[in-house]
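First up is the structure itself, then whatever we jot down about it.
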2 protein chains.
Amino acid sequence: MRPKNLEKEEAIRSIALQIIAEEGLENLSMQKLAKAANVSPRTIYIKYENKEDFLIKLFIDEVLGSYEKAVMEKFNPDMGFAEGVKKIWTNSFRYFKENRHYYVLMQYGKSSPLLNKAYQDRDIKEGDFFTPIHQFLQLHMKAGNIIKLPVAAYRAILFAPLFDLINEYFEHTTRPKQIITDKVLADSCEAVVNGLLV
Amino acid sequence: MRPKNLEKEEAIRSIALQIIAEEGLENLSMQKLAKAANVSPRTIYIKYENKEDFLIKLFIDEVLGSYEKAVMEKFNPDMGFAEGVKKIWTNSFRYFKENRHYYVLMQYGKSSPLLNKAYQDRDIKEGDFFTPIHQFLQLHMKAGNIIKLPVAAYRAILFAPLFDLINEYFEHTTRPKQIITDKVLADSCEAVVNGLLV
DNA sequence: CAAAAGTAAGTAAACATTCATTTACTTACT
DNA sequence: AGTAAGTAAATGAATGTTTACTTACTTTTG
């Protein structure tokens, strides 16, 4: 039996991310993708059921999955609060700096109903997607280290600014001066942490 | 001369927002829109040059423009820091609660390259889009009330969590219990403010 | 040679956009 | 007050193109 050519699978996924980042999800077509990945359209349909299936797998496995791995590196739920949050910030920043194309699809996950639904389904089926972070937050809440809020609010306060700053970082890569320096990032992280400490 | 039917123009825009919110920007087609708005496809092309022109105007005029108005209500740059930020939070929350469909296109503005570019162009051409907020932040920075950071970082820390919470609010409207209450919102707002105070 | 991987060349449906025409109203003249 | 000319608004049907997806065939391996 003829074995799968993994290079082709990889090409399909990475070129898709590139098109999405450059032209937007709304301009990604299967034919365009096949042509750009130097593959017949049918090849994509051997690997994925249909466009929806492809996009969901791209989003969940490729982007969310690899981000989760990267963000959890050297993180554990028993860390001190400031230290743990900082670790997540620096892991995330490094990850997206190295994988710029992933960032855009990640953002689409917050707007596109298709991807949003896929994310929620996955979250429900597998328990919380980022379980260690959830534990970490619960732990510090119960220990009385931080003010009492729903976990969703902790996530919003601690990590939403990070994504905004990463976006700002990318927008400045083409301009003469980068304003999102490591120091700005560290200071911002400290600020959101201080806001939650009791 | 036959007068313009403003209801039709309004229908086109509001139905477009509805389709985007329910099916995603990637599933909005001009023909589908025309049919749903009970209008001939040609009618849309009398009012807008092409699809791109339509989407950009929808995003800038309808969504960003009306949000800017709503968020600035009873806000002025001389307000105290905590008070000013709180005003923006409550204005924003009220606005999106009443205009749920606007929220999704707003989010697309952060992912779609087309809308993102339109936003930046507008921002550059007209000076900062939210000038009073910009002034407000500069003022408090110069007065030494808050830690020194680029304005982009203030915006990220102070307002990115708000959008996350609004999203969370919408996701809980269909569930038995709403976790994003006015109290959670107020406490979160206080937390992000406290993080920036010197 | 069995069998899955891969392909080139399709398909019908949906796409953005345009054409030729009709509609609805104002205005200027009776 | 009645009406016909003038005009922008609005349209339904059609344009050629692109879409997601398939069919019928070839290649590449164990």
Side-chain angles (χ1 to χ4, degrees), chain A residues 1-62 105 108 112-115 117-118, chain B residues 1-62 105 108 112-115 117-118:
Chain A
M1 173 172 91
R2 183 177 178 174
K4 270 192 197 181
N5 186 338
L6 290 174
E7 270 174 47
K8 289 197 169 149
E9 181 132 29
E10 176 49 31
I12 291 167
R13 286 176 175 238
S14 73
I15 301 241
L17 289 170
Q18 192 183 320
I19 293 176
I20 291 168
E22 281 163 14
E23 307 175 42
L25 183 56
E26 59 275 28
N27 287 308
L28 175 76
S29 85
M30 299 304 260
Q31 291 189 128
K32 196 193 266 180
L33 171 59
K35 194 172 242 178
N38 217 358
V39 139
S40 158
R42 186 69 178 80
T43 304
I44 305 176
Y45 284 92
I46 290 164
K47 298 165 193 296
Y48 306 95
E49 239 179 82
N50 50 40
K51 190 179 183 180
E52 203 171 303
D53 179 52
F54 171 64
L55 287 177
I56 289 175
K57 284 186 174 142
L58 189 70
F59 176 59
I60 298 282
D61 302 342
E62 190 87 0
L105 189 54
Y108 268 110
S112 159
L114 172 68
L115 300 182
K117 194 185 166 308
Chain B
M1 170 174 94
R2 184 176 179 176
K4 267 193 201 181
N5 186 340
L6 290 174
E7 271 173 45
K8 291 201 166 148
E9 181 129 29
E10 176 49 31
I12 292 167
R13 287 176 174 237
S14 71
I15 301 244
L17 290 169
Q18 193 184 322
I19 293 176
I20 292 168
E22 282 163 13
E23 306 176 43
L25 183 56
E26 59 275 29
N27 287 308
L28 175 76
S29 88
M30 298 304 259
Q31 295 193 104
K32 194 193 267 182
L33 170 59
K35 196 174 238 176
N38 216 359
V39 137
S40 159
R42 190 67 182 82
T43 304
I44 305 176
Y45 283 90
I46 290 162
K47 298 166 193 298
Y48 307 95
E49 238 179 83
N50 49 41
K51 190 178 183 181
E52 203 170 302
D53 179 50
F54 170 64
L55 287 176
I56 289 175
K57 284 186 175 144
L58 188 70
F59 176 59
I60 298 280
D61 302 342
E62 189 87 1
L105 189 54
Y108 268 110
S112 158
L114 172 68
L115 300 183
K117 195 185 166 305

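Within every chain, numbering begins at 1; the chains are lettered A, B, ... in the order of the sequence lines, protein sequences first and strands thereafter. It should be emphasised that the depicted structure is a prediction, and the values quoted were computed from it without experimental measurement.
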>> With nearest nucleotide decided by heavy atoms, which residue, B:K51 or A:N38, maps closer to the 5′ end of DNA chain C?
In response: A:N38
>> Closest-nucleotide mapping onto DNA chain C: is B:Y45 or A:I46 further toward the 5' terminus? I mean the 5' end.
In response: A:I46
> Is there a Watson-Crick or G-U wobble partner for C:dA14 with both distances under 3.5 Å, and if so, which one is it?
Replying inline: D:dT17
> If we call it a pair only when both distances are under 3.5 Å in a Watson-Crick or G-U wobble match, what pairs with C:dT27?
Replying inline: D:dA4
Length of the [atom1]-[atom2] vector between [X] and [N], whole Å:
{"X": "A:E49", "N": "D:dA20", "atom1": "CD", "atom2": "P", "result": "16 Å"}
{"X": "B:E52", "N": "C:dT17", "atom1": "CD", "atom2": "P", "result": "9 Å"}
{"X": "A:F54", "N": "D:dT19", "atom1": "CZ", "atom2": "C1'", "result": "16 Å"}
{"X": "B:L33", "N": "D:dT11", "atom1": "CG", "atom2": "P", "result": "12 Å"}
{"X": "B:M30", "N": "C:dT18", "atom1": "CE", "atom2": "C1'", "result": "13 Å"}
{"X": "A:D53", "N": "D:dA20", "atom1": "CG", "atom2": "P", "result": "14 Å"}
{"X": "B:N27", "N": "C:dC15", "atom1": "CG", "atom2": "P", "result": "9 Å"}
{"X": "B:R42", "N": "C:dT22", "atom1": "CZ", "atom2": "P", "result": "16 Å"}

If I compare all heavy atoms of [X] with all of [Y], which pair ends up nearest, and what's the gap?
{"X": "B:S112", "Y": "A:Y108", "value": "CA-OH, 3.1 Å"}
{"X": "B:L28", "Y": "B:K51", "value": "O-NZ, 2.7 Å"}
{"X": "B:A21", "Y": "A:P113", "value": "O-CG, 3.7 Å"}
{"X": "A:L33", "Y": "A:I12", "value": "CD1-O, 3.5 Å"}

Strictly below 4.0 Å: does [X] bring a side-chain N or O up to OP1 or OP2 of [N]?
{"X": "A:K32", "N": "D:dA20", "value": "no"}
{"X": "B:Q31", "N": "C:dA14", "value": "no"}
{"X": "B:S29", "N": "C:dC15", "value": "yes"}
{"X": "B:K47", "N": "D:dA9", "value": "no"}
{"X": "A:T43", "N": "C:dA5", "value": "no"}
{"X": "B:S40", "N": "D:dA10", "value": "no"}
{"X": "B:K35", "N": "D:dG12", "value": "no"}

>> Do B:K47 and B:E9 make a side-chain contact, defined as non-hydrogen atoms from C-beta onward lying under 4.5 Å apart?
In response: yes
>> Please determine whether side-chain contact (heavy atoms from CB on, under 4.5 Å) holds for the pair B:M30 and B:Y45, giving the CA-CA distance in whole Å, both sets of side-chain angles, and the decisive distance to 0.1 Å.
In response: CA-CA 9 Å; B:M30 298 304 259; B:Y45 283 90; 3.4 Å; yes
> Which sits closer to the 5' end of DNA chain D, B:P41 or B:N5, going by the nucleotide each is nearest to?
Replying inline: B:N5
>> So B:L6, base contact, sugar-phosphate only, or nothing? Heavy-atom distance under 4.0 Å.
In response: nothing
